[in-house]
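Notes follow once the structure below has been shown.
Please read these numbers as outputs of a predicted model, since none were measured by experiment. In each ligand, atom 1 is the first atom listed, and ligand 1 is the first ligand listed.
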Amino acid sequence: MLKVCNIVIVGGEGDLAFRKLYPALYSLHRENLLADCTKIVCFGRGKYKREKFYQNMRTWAEKSEYVKALDDDSWNRFCERVVQFSGDATSAKDMKRMREEVGPEEMVFYLSTPPSIFAPICKALGDANIVTKSTRLVVEKPLGESLETFNQINDTLFEVFQESQIYRIDHYLGKETVQNLLALRFANIFFEPLWNRNYIDHVQVTVAESVGVGGRWGYYNEAGALRDMVQNHLLQLLCLVAMEFPARNKADDIRDEKLKIIRSLKPINTTNVTQNTIRGQYTEGSISQKLVPGYAQEKDADKESDTETFVAIKAEIENNRWQGVPFYLRTGKRMSNRYSEIVIQFKPVVFKFIDIDPNVLNANQLVIRLQPNEGIQMNLMNKVPGLSEGTSLQNVGLNLSFEDAFEKHRSPSAYERLLLDVTRGDQTLFMRTDELRGAWKWVDGIIDGWSKTGQPARSYKAGSMGPDDALALMIQDKRKWQSFEG
Ligand code: BG6
């Protein structure tokens, strides 16, 4: 049964709304996943006249890689759902007016606005008396820049909403390949017996971006790569790799297990921050043969900024399954390629009945490619065919490409999945308060360590894979980063 609820996008004339939310809502509409009478309310300041607004929506939908062909008939029917509403989202009077115009059905409020106005918007919703037990609130990051500021923002939400009504977005959790992590681990019998410190040497998580900071220099300079990417996306990936079997496939059971991992992270602070983290900042370089400026030369940049655009961390989980298995995390802007992957590096076999050339990587690897070319690769040792004396071995990849395996299936965007789950009332892919508190606490330790030790951001050339020190982080442990193979 499709749930009837109206979806109000507050900040409905903003970048995120046009780029991601409307294309995703259109796809849901086209797949008949919205109830017939669901309305989409674009709550904005009235920046765009009606015609220009619809034209913008269409342009972005056509550009979306997930929408692909857009057909006029379904697009026109989608537009009939859309209500363009102009008003001040921090005014209770305007909220009431909107409610009268749109109707009494259940509402989802998606705050696609800066968090600095979450509080007055929630107050306006409360004062307008339009929040019921089944109203839902969706909020986007950045939710604070420390545990303290997260708590402040979160507390303002609690003045009007309860935890069960709040959907905090981490769009990585909406990605198909990220959701597949749990299926891969828990629906295949051969991983579980090996998924522990006895057989796994270490885990690598890389989220590399080739883009720079775009027009967001101001925000980014305050945040840096640690807050922008690690506190949320990379920690969530780490949790999905490391968590135990949940008792049931229910939102809170899954989130309970993730929380245990976050709480088991070994603290990084002044005493160990320099051994376990590397900060970097890109300088001028070239990507895909195009010259790009350094971070400090970007538009609106402060030339003296020491903000990190790259970070590498050796994280450790102190529990029975993972004791002694490092999780190396790295992420950065303006790196050589855009790719995200998780590498599970297994230990080599103990008894070597064949002499293995020391130059051959003699252990199995499971490589989970999250984007692009989504898929899974299992690297296995094989005999090289031939009649030469002795046996030579080679590590060969067994490849599963999602595109080939599921060619008849369309892969939905992260926002389609997340928006749909909000309408269904499923909080599994959204972050709970305690998870975020735990993540901020861990990240605060690193930030405090950086500030007390004065750890500088090392330069790296745009188009590289980060500063050399990031290599050293693994070399000191006699390991190396997996290099990207296209
Ligand atoms: C966002 C960050 O959360 O994720 C951006 O704020 C980053 O800086 C983006 O570019 C990356 O998302 P994706 O889906 O392109 O990997």
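- Counting the atoms of ligand 1 from 1 in the order shown, those under 4.0 Å from a heavy atom of Gln371 are 13 (P), 16 (O).
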What's the verdict on ring pair (Phe, Tyr, Trp, His ring centres under 6.0 Å) for Phe18 and Tyr48, showing C-alpha distance, side-chain angles and the deciding distance? CA-CA 12 Å; Phe18 282 121; Tyr48 297 107; 5.7 Å; yes
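- Neither the backbone nor the side chain of Tyr220 has any atom closer than 4.0 Å to an atom of ligand 1 (non-hydrogen atoms only).
- For Lys39, the NZ atom is densely surrounded, since the number of other residues' heavy atoms within 6.0 Å is greater than 12.
- With ligand atoms numbered from 1 in the order given, ligand 1 contributes 13 (P), 14 (O), 16 (O) to contacts under 4.0 Å with heavy atoms of Lys175.
- Protein heavy atom at the shortest distance from atom 15 (O) of ligand 1 is Arg338 NH2, 3.4 Å.
- The only member of Phe327, Trp322, Tyr328 that meets ring-ring contact (aromatic ring centres under 6.0 Å, His included) when paired with His202 is Tyr328.
- Glu209 OE2, 3.5 Å is the protein heavy atom nearest to atom 11 (C) of ligand 1.
- Aromatic rings from Phe310 and Tyr282 are positioned such that their centres are separated by 6.0 Å or more.
- If you number the atoms of ligand 1 from 1 as listed, the ones under 4.0 Å from a heavy atom of Arg216 come out as 2 (C), 5 (C), 6 (O), 8 (O).
- Listed by number with element, the atoms of ligand 1 under 4.0 angstrom from any heavy atom of Lys333 are 5 (C), 7 (C), 8 (O), 10 (O).
- With ligand atoms numbered from 1 in the order given, ligand 1 contributes 1 (C), 2 (C), 3 (O), 6 (O) to contacts under 4.0 Å with heavy atoms of Lys141.
- Listed by number with element, the atoms of ligand 1 under 4.0 Å from a non-hydrogen atom of His171 are 1 (C), 3 (O), 4 (O), 12 (O), 13 (P), 14 (O).
- Between Phe245 and Phe186, the two ring planes are tilted [angle within 30° to 60°].
- For ligand 1, the atoms sitting less than 4.0 Å from at least one non-hydrogen atom of Asp228 are 2 (C), 5 (C), 6 (O), 8 (O), numbered in the order shown with element in parentheses.
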Checking Tyr339 against Asn373 for the side chain to side chain contact (heavy atoms under 4.5 Å, CB included) test, could you report, in this order, the C-alpha distance in whole Å, the side-chain angles of both residues, the deciding distance, and whether it holds? CA-CA 9 Å; Tyr339 79 99; Asn373 308 329; over 6 Å; no
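- Given atom 16 (O) of ligand 1, the protein heavy atom at minimum distance is Tyr172 OH, 2.5 Å.
- Within a 6.0 Å sphere centred on CD of Gln275, heavy atoms belonging to other residues, nucleotides or ligands number more than 12.
- Each of Thr277, Thr270, Thr274 was checked for a side-chain hydrogen bond (donor to acceptor under 3.5 Å, both in side chains) with Gln455, and the lone residue meeting it is Thr277.
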